[in-house]
Amino acid sequence: MERLYIDIPEGAAAILHRLTSAGYEAYIVGGCVRDCLLGRDPKDWDITTSARPQEVKALFERTIDTGIAHGTVTVMMDHEGYEVTTYRIDGEYEDCRHPKEVQFTNKLVEDLKRRDFTINAMAYNPETGVVDEFDGIGDLERRIIRCVGEPAERFDEDALRILRAVRFSAQLGFEIDEGTCLAIRDKTAQLALISAERIQMELVKILTSPNPAHMKLACDLGITSVILPEYDKIRGVSQKTPNHIYDVEVHTLKSMEHIEADTVLRLTMLMHDFGKPDVKRVLDNGREIFYRHPEISAACAERILRRLKFDNDTRTKVVRLVKWHGLKYDASEKSVRRALNRVGEDIFKDFIKVQCADIQAKNPVVIPGKLAMLQEKEQTYHRIIEEGQCFTVRQLAIGGRDLIRAGIQPGPLLGAVLDKLTEAVIDDQSLNEKEKLLALAMELKDDPDIFRPKEEANI
Ligand code: ATP
Ligand code: MG
């Protein structure tokens with residue numbers, strides 16, 4: 001084999017050098033070796049060594065005890081941290097997820113054996129070159145994800161590897177080896193034992209990869225039926241309407257491909273139609289409708305994101321985007337102001353991206369027209385923001401205090417009057433003057449319909 005050379009950053013090279021000069025073995029290992037051989041930029045440079053954690057600490061000035069029990073010390077080099085982990089064998093596994101104990105070893109090969117996939121089980125240092133016991137290089141060339149050792153056993157040890165196989169397949173565009181696939185199908189039930197946090201991390205990596213449509217593979221392999229059964233429900237759900245030619249699953253996958261690789265946006269597209277199976281109705285003429293599906297999808301997204309323990313910011317943004325994704329409005333200033341009021345200025349750019357991706361996954365016949373309209377709406381939106389037009393209660397020329405001074409009691413009526421004033425100004429900006437709004441408020445406070453919400457179907 002031709003000797004491969006890897007360009008290691010100075011800090012990592014210095015760590016390898018100091019460890020080997022002190023008589024220990026040391027290599028860069030795992031993801032960084034894989035990425036270098038693929039010509040990709042590694043995210044981080046992990047180091048594996050025969051030195052024990054205390055021995056590592058004795059050799060470097062600045063270290064952090066990252067995971068001493070598991071053999072990991074972070075060594076700081078020029079303000080850059082490198083994880084240095086002692087060669088280890090993971091002891092017997094409990095519950096398909098935690099090694100009961102870890103055992104240190106002096107043999108590099110033992111450490112490589114515990115790693116998940118052949119392409120992740122290579123080590124390198126400048127003296128030895130690439131150590132590749134399991135033909136990781138061959139699998140990189142064949143573009144295959146394959147377990148180190150017996151797949152079924154490896155998934156019994158840690159079921160998260162099932163999801164990681166799909167994750168690396170999505171990130172690298174590789175196929176999963178047949179034997180590994182068979183074992184995955186057999187072992188998916190064990191994913192139920194894995195913590196939500198670990199599932200979430202891998203799911204996000206699939207969704208934000210260049211191949212988010214690999215969610216289909218996760219479903220084919222039986223993975224989503226355990227971690228995301230809501231996905232399985234959209235499979236094969238037809239939508240016979242002039243706007244669509246794909247079923248809900250295919251439309252969903254295509255919409256994910258049409259939006260940038262951002263966690264909130266990809267999660268939104270994944271779940272935007274999850275409510276459709278629940279509300280589908282077939283009309284007499286054979287047409288299929290999904291009345292109010294965005295609301296149902298939003299409730300569904302809320303449950304999923306809580307279950308998978310997403311942070312509040314991600315959850316609330318995604319739920320709002322899913323809820324509003326189907327909002328109907330036109331390109332007039334009035335209509336876009338109303339949309340801004342409902343959706344919220346903070347996520348309006350994302351909302352337009354979501355609508356754009358949704359359109360691009362529809363019937364090709366309707367795409368150009370809908371995209372042109374969306375572009376017009378976007379121009380109107382920019383104009384509204386630039387001109388500082390009023391579309392929220394905060395931008396009104398009067399506030400709650402003015403109304404209290406004018407004799408309206410604080411409470412629900414005050415809130416309702418402010419809402420109606422906002423609606424009126426959204427319709428007609430010339431009303432946004434103190435005198436005019438006060439006069440209108442006096443009329444509104446006695447209006448018997450004051451608490452009735454405006455019909456939302458079409459704004
Ligand atoms: P990324 O570029 O996403 O960081 P990575 O390959 O570095 O990819 P990590 O999750 O950072 O993946 O793990 C680092 C290395 O540790 C892997 O390359 C693999 O060798 C090993 N590893 C990580 N998780 C597992 C696991 N669950 N089972 C076995 N080995 C694992
Ligand atoms: Mg890594």
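Hydrogens, waters and symmetry mates play no part in the numbers below; they use all other heavy atoms, side chains included. Numbering of ligands and ligand atoms starts at 1, following listing order.
A donor-acceptor contact closer than 3.5 angstrom links the side chains of Gln190 and Asp156. For the 3.5 Å distance criterion, the side chains of Gln379 and Arg383 fail to qualify, holding no donor opposite an acceptor. Using a 3.5 Å distance cut-off with no hydrogens or angles, the side chains of Thr241 and Asn243 do not pair a donor with an acceptor.
Contacts between Asp158 and ligand 1 below 4.0 angstrom, taking non-hydrogen atoms only, involve the side chain exclusively. Only the backbone of Arg114 comes within 4.0 Å of ligand 1, counting heavy atoms alone; no side-chain atom from C-beta on gets that close. Contacts with ligand 1 closer than 4.0 Å are made by heavy atoms of both the backbone and the side chain of Arg115. At a heavy-atom distance under 4.0 Å, only side-chain atoms of Arg167, from C-beta outward, approach ligand 1.
For Asp46, no nitrogen or oxygen atom sits less than 3.5 Å from a nitrogen or oxygen atom of ligand 1, counting backbone and side chain alike. Considering backbone and side-chain atoms together, Phe168 places no N or O closer than 3.5 Å to any N or O of ligand 1. Close N/O approach between Asp44 and ligand 1 is not found [any backbone or side-chain N/O within under 3.5 Å].
Numbered from 1 in the order shown, with element, the atoms of ligand 1 that lie under 4.0 Å from a heavy atom of Arg34 read 2 (O), 5 (P), 6 (O), 8 (O). The atoms of ligand 1 that sit less than 4.0 Å from any heavy atom of Lys205 are 3 (O).
For atom 26 (C) of ligand 1, the nearest non-hydrogen atom from the set Arg161, Gln171, Lys43, Glu202 belongs to Arg161. Remark: among candidates Gly31, Gly30, Ala159, the nearest residue to atom 7 (O) of ligand 1 is Gly31, based on non-hydrogen atoms.
Judged by the 6.0 Å and 45° rule, Lys377 forms a cation-pi pair with Tyr329.
Residues satisfying the salt bridge (Lys or Arg N to Asp or Glu O under 4.0 Å) criterion with Lys370, sequence neighbours excluded, are absent altogether.
Residue contacts with ligand 1 leave out Arg154, since none of its heavy atoms falls under 4.0 Å from the ligand. By the 4.0 Å heavy-atom criterion, Leu160 is excluded from the residues contacting ligand 1. For Glu157, the heavy-atom gap to ligand 1 stays at 4.0 angstrom or more.
Remark: side-chain polar atoms of Arg62 are not paired, donor with acceptor, to backbone N or O of Met76 under 3.5 angstrom.
The side-chain contact (heavy atoms from CB on, under 4.5 Å) test with Arg164 singles out one residue from Met201, Glu202, Arg198, and that residue is Glu202.
Residues Phe168 and Phe174 keep their aromatic ring centres 6.0 Å or farther apart.
With respect to the salt-bridge test (charged N to carboxylate O, under 4.0 angstrom), the residues Lys317 and Asp313 qualify.
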